[in-house]
Amino acid sequence: MVRRIVLLLAIVISALVAGATGAFAQPSPSPTGAHSPSPSPGVSEQDQMFLIKAHQGNLAEIRAGRLAQQKGHTSAVRDLGTRLIKDHTRLDTKLRQVAKDVGVQLPHEPSKQQQAQLKEVSGLSGANFDHAWVQSQLTAHRQTLTLINKQLANGKSEQVKKTAQEAKPVIQEHLTLLRKAAATTTPHMGTPTAHPTPTH
C-alpha cells in the first residue's frame with residue numbers, strides 16, 4: 001500500500017516538473033508597440049503625404065517665427081513671427097493628434113530644403129533680413145495653401161480633410177498679413193538677399 005502511494009507521488013511530481021519545464025521553454029510574446037504603427041485602412045497615400053508635409057511646414061514656420069522674433073528689424077516682422085509661432089503650434093498640435101489617430105508616423109524635423117532656407121535667411125540682418133524673411137514666408141504659405149487644396153480635392157480620410165479645412169483660413173490670413181508686410185519691407189540696394197528656394 002505504502003509502495004503504491006510512493007509510486008503515485010513520484011508520477012505526480014514528474015508530471016509537475018515536466019509541465020513547469022515546458023512553461024519556461026515557451027518563448028515570451030513580443031512586446032506590443034515595438035514596430036511603427038501602420039496607417040488605418042481608410043487613409044490614402046495622399047492623406048499620409050499631407051500630414052507629413054503639413055507637419056514639416058508647421059515646424060518650419062515655428063522656427064521662422066522664432067527667427068523673426070530674434071532678428072526682425074521692424075516690429076511688424078517681429079509681431080508676425082509671434083503670430084506664426086502661436087498659430088502653427090496650435091495647428092500642429094491638432095495635426096499630430098490626427099496623425100496618431102490614423103497611424104501615420106511623422107518626422108521630427110522640417111525638410112532639408114526648409115532648413116536650408118531658414119539658414120540662408122538667418123545670415124542676413126536689418127532691412128535685408130525683413131525683406132528676405134517676408135518673401136520666403138509668402139512662398140512657404142502659398143505652397144501650404146496648394147497642399148491644403150490638393151488634400152481637400154483628393155484626400156480620402158474625412159478626419160484628415162477636416163484638419164486641412166480648419167487650417168485653410170489660418171494660412172489665408174497669414175498670406176494677407178505677409179502681403180501687407182511685403183509692401184513695407186524693402187532691402188538695401190547693393191546688398192545680396194536670400195531668395196526662396198524653388199520647389200520641384
Side-chain angles (χ1 to χ4, degrees), residues 27-70 80-122 133-179 194 196-200:
S28 302
S30 300
T32 58
H35 60 281
S36 300
S38 299
S40 301
V43 177
S44 65
E45 288 187 11
Q46 165 62 37
D47 297 326
Q48 295 178 57
M49 182 197 71
F50 171 78
L51 288 172
I52 290 170
K53 289 192 173 183
H55 172 62
Q56 288 183 308
N58 286 330
L59 295 180
E61 302 308 339
I62 292 168
R63 290 191 183 187
R66 291 177 183 149
L67 187 60
Q69 286 181 328
Q70 296 166 6
L80 263 174
T82 301
R83 179 68 179 272
L84 291 191
I85 294 171
K86 178 183 176 182
D87 289 350
H88 283 281
T89 298
R90 177 170 54 84
L91 290 176
D92 202 56
T93 298
K94 292 182 179 180
L95 185 148
R96 283 187 284 110
Q97 183 59 55
V98 171
K100 182 179 179 181
D101 291 344
V102 300
V104 174
Q105 192 168 20
L106 299 175
H108 300 295
E109 297 282 341
S111 69
K112 297 294 184 183
Q113 181 179 317
Q114 289 164 334
Q115 292 182 52
Q117 179 62 36
L118 286 168
K119 184 177 180 180
E120 185 178 0
V121 174
S122 69
W133 185 88
V134 169
Q135 293 302 316
S136 67
Q137 289 310 302
L138 278 168
T139 299
H141 280 75
R142 287 178 185 131
Q143 291 172 345
T144 299
L145 190 58
T146 299
L147 183 70
I148 288 172
N149 288 333
K150 185 176 181 181
Q151 172 62 22
L152 294 175
N154 304 321
K156 180 180 179 182
S157 167
E158 289 302 321
Q159 191 174 4
V160 179
K161 289 172 74 173
K162 182 180 178 183
T163 302
Q165 186 63 61
E166 290 177 348
K168 186 172 182 176
V170 179
I171 301 304
Q172 289 174 323
E173 187 175 3
H174 287 180
L175 276 169
T176 298
L177 295 172
L178 286 163
R179 290 188 187 104
T197 305
T199 57
H200 299 286

Quick one: side chain to side chain contact (heavy atoms under 4.5 Å, CB included) partners of [X], sequence neighbours excluded?
| X | value |
| --- | --- |
| Lys162 | Glu166 |
| Lys100 | Gln97 |
| Ile52 | Gln56, Val104, Leu106, Pro107 |

statement: The reported gap from CZ in Arg83 to NE2 in His88 (rounded to nearest 0.5 angstrom) is 9.5 Å
Testing the basics here: between [X] and [Y], what is the closest heavy-atom pair and its distance to 0.1 Å?
| X | Y | answer |
| --- | --- | --- |
| Leu95 | Ala54 | CD1-CB, 3.5 Å |
| Ala99 | Leu51 | CA-CD1, 4.1 Å |
| Ala60 | Leu118 | O-CD1, 4.0 Å |

Listed pairs under 3.5 Å, donor-acceptor, residues 42-50 side chains, sequence neighbours left out:
from	atom 1	to	atom 2	distance (Å)
Ser44	OG	Gln46	N	3.4
Ser44	OG	Asp47	N	3.2
Ser44	OG	Asp47	OD2	3.1
Gln46	NE2	Gln151	OE1	3.0
Asp47	OD1	Gln151	NE2	2.8
Asp47	OD1	Lys156	N	3.0
Asp47	OD1	Ser157	N	3.4
Asp47	OD2	Ser44	N	2.9
Asp47	OD2	Lys156	N	3.4
Asp47	OD2	Ser157	N	2.8

- prompt: Using 30° and 60° as the class limits, which term best fits the ring planes of His174 and His141: parallel, tilted or perpendicular?
  reply: perpendicular
- prompt: Does some side-chain heavy atom of Lys150 sit less than 4.5 Å from a side-chain heavy atom of Leu147?
  reply: no
- request: Taking the side chain as every heavy atom from C-beta outward, state whether Gln143 and Lys53 have any atom pair closer than 4.5 Å.
  value: no
task: Only counting residues at least two apart or in another chain, list the ones meeting ring-ring contact (aromatic ring centres under 6.0 Å, His included) with His55.
output: none
query: Considering residues at least two apart in sequence or located in another chain, which fulfil the side chain to side chain donor-acceptor pair (under 3.5 Å) criterion with Gln69?
result: Thr82
